[in-house]
Amino acid sequence: MTYLVLARKWRPRSFDTLVGQDHVVRALTHALDTQRLHHAWLFTGTRGVGKTTLSRILAKSLNCETGITSKPCGVCRACTEIDAGRFVDYLELDAASNRGVEEMTQLLEQAVYAPGAGRFKVYMIDEVHMLTGHAFNAMLKTLEEPPPHVKFILATTDPQKIPVTVLSRCLQFNLKQMPADSIVGHLQAVLGEEQVGFEVPALRLIGQAASGSMRDALSLTDQAIAYSAGNLTEDAVRGMLGTIDQRHLVRLLDALSTGDAKGVLAVADELATRGLSYAGALADLAVLLSRVAIEQRVSGVMPAEDPLAADIARLAQTLHPDAVQLFYSVAVHSRGELTLAPDEYAGFIMACLRMLALNGDAGPQTAIEAPATPARQTAEPAVATAQPPQAAPVAAAPVVERVVPVAQPVAPAPAPVATAPAPSSPASVPQANAAPAAAPAAVAPTAVATPPVAAPVAAPVATPAQPAAASVPPWEDAPTAAGSAQAAVDAAAQPSSPMNTAAPSVPATASPGAAPAVADAPATDASATPAPAKSAPLAVTPAAAAVAPAADDDGPPSWVDEEIPFEAEGGFVPDAGFASDGGFTSDPDDDFETLASAPSAAPAPPAAPARREGPAPARKRQSRARLADMTSAAWPELAARLPVTGLAAELARQSEWAGVQGDAIILRVAVKTLAESESRVRLQTVLCEHFGQGIRLDVDVGAVGEATAHAVAQAERAARQQAAEDAVAVDPFVQALVADFGAHVVAGSIRHVDSPSAAA
C-alpha cells in the first residue's frame, strides 16, 4: 500500500475541520446558507494556508447532491470525486504552466457548455498572478458576466500582480497565516489518530519552524516521525531542525546583563561546536528579547506550561527595559549584517560585543582617571616679581584642584622685567600689568592649586614698554608665578560654561623699588596651599567700581560658584560684572579680563554667597512649562506649535486634552488609527522635553469637541473665509460691476489669503 503523506491524508474536507481561517469560513457559510452566491472568488495568502482546500470544499458545497449547502455530505458522487480530483465539472488549472492567451481562450470556449455531471462548472485557477496581460484581458468579459452555471475560484500568493480590473470582479478573501497554537493543536489531533508518541514542546518547535503554514508543519511532522523512529521528543526534533536550545540564549542574556564577556564567548563557542546557525541564534535571541519586553510591560502573560516562563520572568526583573530594546535592535540589524562579515562566527561575536559596548553600565567600569596630584615634570619660564614682606597668614579659601592645559616648555627669557610702581593717589590709574610672556603652545594636563583672587577690575590697564623682553609678542600678558597658576585654573573651570572661554591672568604686584627677578617655575604640588600675599593698595576708578562688585579677600571669585538670578517668569537677569549680551564687561581690546587684588585697608565687604560643592550647574535661559498649569483651553495652542511631523503631528492636532493622572497625560482622539500608531511614542518624547519631566502619554478613543488644534484651525479658517466673502460683497468695485453689467459672484470662487504671520 502506497503511503500517503500527512499533508494530503489530513487535508480538511469540510468547513468544520478547517483550521485558522474562521473569518473566511464564516463569510462563505453565510453565503451558502442564504443562497447569495457570487460568480467569482479570490483567495490570497502564503503557501500552505488553505487556498486549494477552501476551493475544493466550496466546489463540493456547490455540487453536493443534497443541494447547495455549507455542510456537504462527503459521500455522494460529486463529493467523493472532487476529493479524489476526478470530477469532470471541477477543473483545477495551474496558471504558472498555462499562462498564455491561447490556453485562456480555450478554457473560456468550453465554459459556455452546460455542466455534464454537476450543478455548476467550477474553474479553479491557481497562482493566477502568473497569467500574462493578454490572458487577463481575454478573461475580463467572461469573468464579469459568466454563464449562470459557471463559477470561478482564483488563488494567488501575490495579489499585487493581479490587475485591478480583475480584482474588482471578484470577492477577495485574505487567508491568514496559521498561529503556532493552532498548528500545535491540529498536530496533536493528527498524531493522536496516527498513534504516534509526541511531546508538546516538540510540536511547538515544529509550529515555530512552519512559519504559519499548516502544510509545512505536516511535512516537518512526517520528517520528524522518520527521524525519531516514531517518537517525537523535543531533543529529536531540535536535532532534526538544527534549532538553538533556548537555554543557550538565556545564558547569553545573563552574561550580557552582567557584562561577562567571557561568558558571551563561551556561549558562542558552544554554538560553533554544535554546528548551529548563528543567523538562527540572532533570530531566536530577538524573539526571546521580545518576550522579555512583553513580560516587563505586561507581567504574567506567559503561559505557565512554557518551559522558559521562569527564565523570562527572571530576565524581565534583571534587565533594564532600555537594555532590552537595545539588545533587540542590535540582534535584528546584526542578522542582516552576517552576510557582510568574514564568517558567521565573527559576525555573531561582534554583535554580542556591540551589545556589551553599548550597554556599558552593566559591566565593570574601566575609565582611566588622572592622578589626583600630578606634578609638572618640565620647568616653564615664569616672571617672578619681588613680594613685599608678608604679614600674618590669612585664612585661605578652599583649594580647588582642576586639570588644566599647560603650555609646552619654551626657552626661558631671563631678561629682567621692570614693574611700574603702584600710584598712591586714589584717583590714579590702576596698577600696571607685569611684562608680557611667551605665547602659550600645546598643552598637557597639570593639577594646580587655586590661590585667592581679588575682584576683577574692568578698566583698561596701561602696560609700560619692556625693552628686555623683545622676543615676547607685545599682545600677550606675562603671567607671574601666581598668575600662571590662576590662569591655568580659570582655563579649566567649567568648560561647558560660556563665561569661562578665556582665563584671566592674575599678576602679582610688587612694591615700589623692588628688584625684579626671573626664575624657572618649580613643580607645582596641588596639595600645598600657599598663603595669600597682601598686595599694595589699588585705586579703582568710579566707573570700574560701579561695574565690579566687592569681593571677599578670602573668598573665591564671584563668577565661579555664584548663582545667576532669574526673574519670576524665568528670564535671565544681568548681574554685576556681565554685559547685556551675557559677556564680561571688560575692555574689548583685552583678550583676558584684568584682575587685581583689593586693598588691605578697605572696609569689610559683604559676605560672599555660599559655595556649592562640585561644578556649577548649567544656566537656564528660560523656564520650563509646568504640567500642572496645562488646561484643555491651552492645549490647542501647544499642540499646534509642537515640533512634530507626520502622524505625531496629526495625533497632537486631532486630540483633546483629557487631564493629568499622576505622571500620565491623557489625550482623547476620535480616530482609532492615530491612537494605536507608533507616533504616540514620538509625541510622548516631545512632551517630556517640553515639560522638562518624565511623563507617560495615554491616548483614549472617543468623541472630541472643539478643544482641538484642528478644530481651532478650522474655525479660524472659516472666520477668515467669511471675512473675505463679506469684504468682496461690500467692495465698491464689485458692487459697480453688479449694478452696471449685471455681474454676479460665483459661489465658492472666493478664497481668503493667509497673512505671512499666519502662514508661518
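Heads up: numbering here begins at 1 and tracks the sequence. Keep in mind that what you see is a predicted model, and the values were worked out from it rather than measured.
Open room surrounds NE2 on His333; 12 or fewer heavy atoms of other groups in view lie less than 6.0 Å from it. Counting heavy-atom neighbours within 6.0 Å of Met630 CE, excluding the residue itself, gives a total above 12. Applying the 6.0 Å contact sphere to NE2 of His134 captures no more than 12 heavy atoms from other residues, nucleotides or ligands. Remark: Tyr328 OH is loosely packed, at most 12 non-hydrogen atoms of other residues, nucleotides or ligands lying under 6.0 Å away. For CZ of Arg26, the number of neighbouring non-hydrogen atoms (other residues, nucleotides, ligands) closer than 6.0 Å is 12 at most.
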Residues Glu725, Arg720; criterion salt bridge (charged side-chain N to carboxylate O under 4.0 Å, His left out); working and verdict: CA-CA 9 Å; Glu725 294 177 359; Arg720 291 194 299 270; over 6 Å; no
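Checked by atom type and distance alone, the side chain of Asp731 never pairs as donor or acceptor with a backbone atom of Ala727 at under 3.5 Å. Side-chain atoms of Lys51 come within 3.5 Å of backbone N or O of Gly45 as a donor-acceptor pair. Without hydrogens or angle criteria, Gln296 side chain to Ala313 main chain gives no donor-acceptor distance under 3.5 Å. Counting only distance, with no hydrogens or angles, the side chain of Thr708 and the backbone of Ser655 share no donor-acceptor pair below 3.5 Å.
Between the OG1 atom of Thr156 and the NE2 atom of His129 there is a distance of 4.5 Å, given to the nearest 0.5 Å.
With hydrogens and angles left out, the side-chain atoms of Thr157 and Glu127 include a donor and acceptor closer than 3.5 Å.
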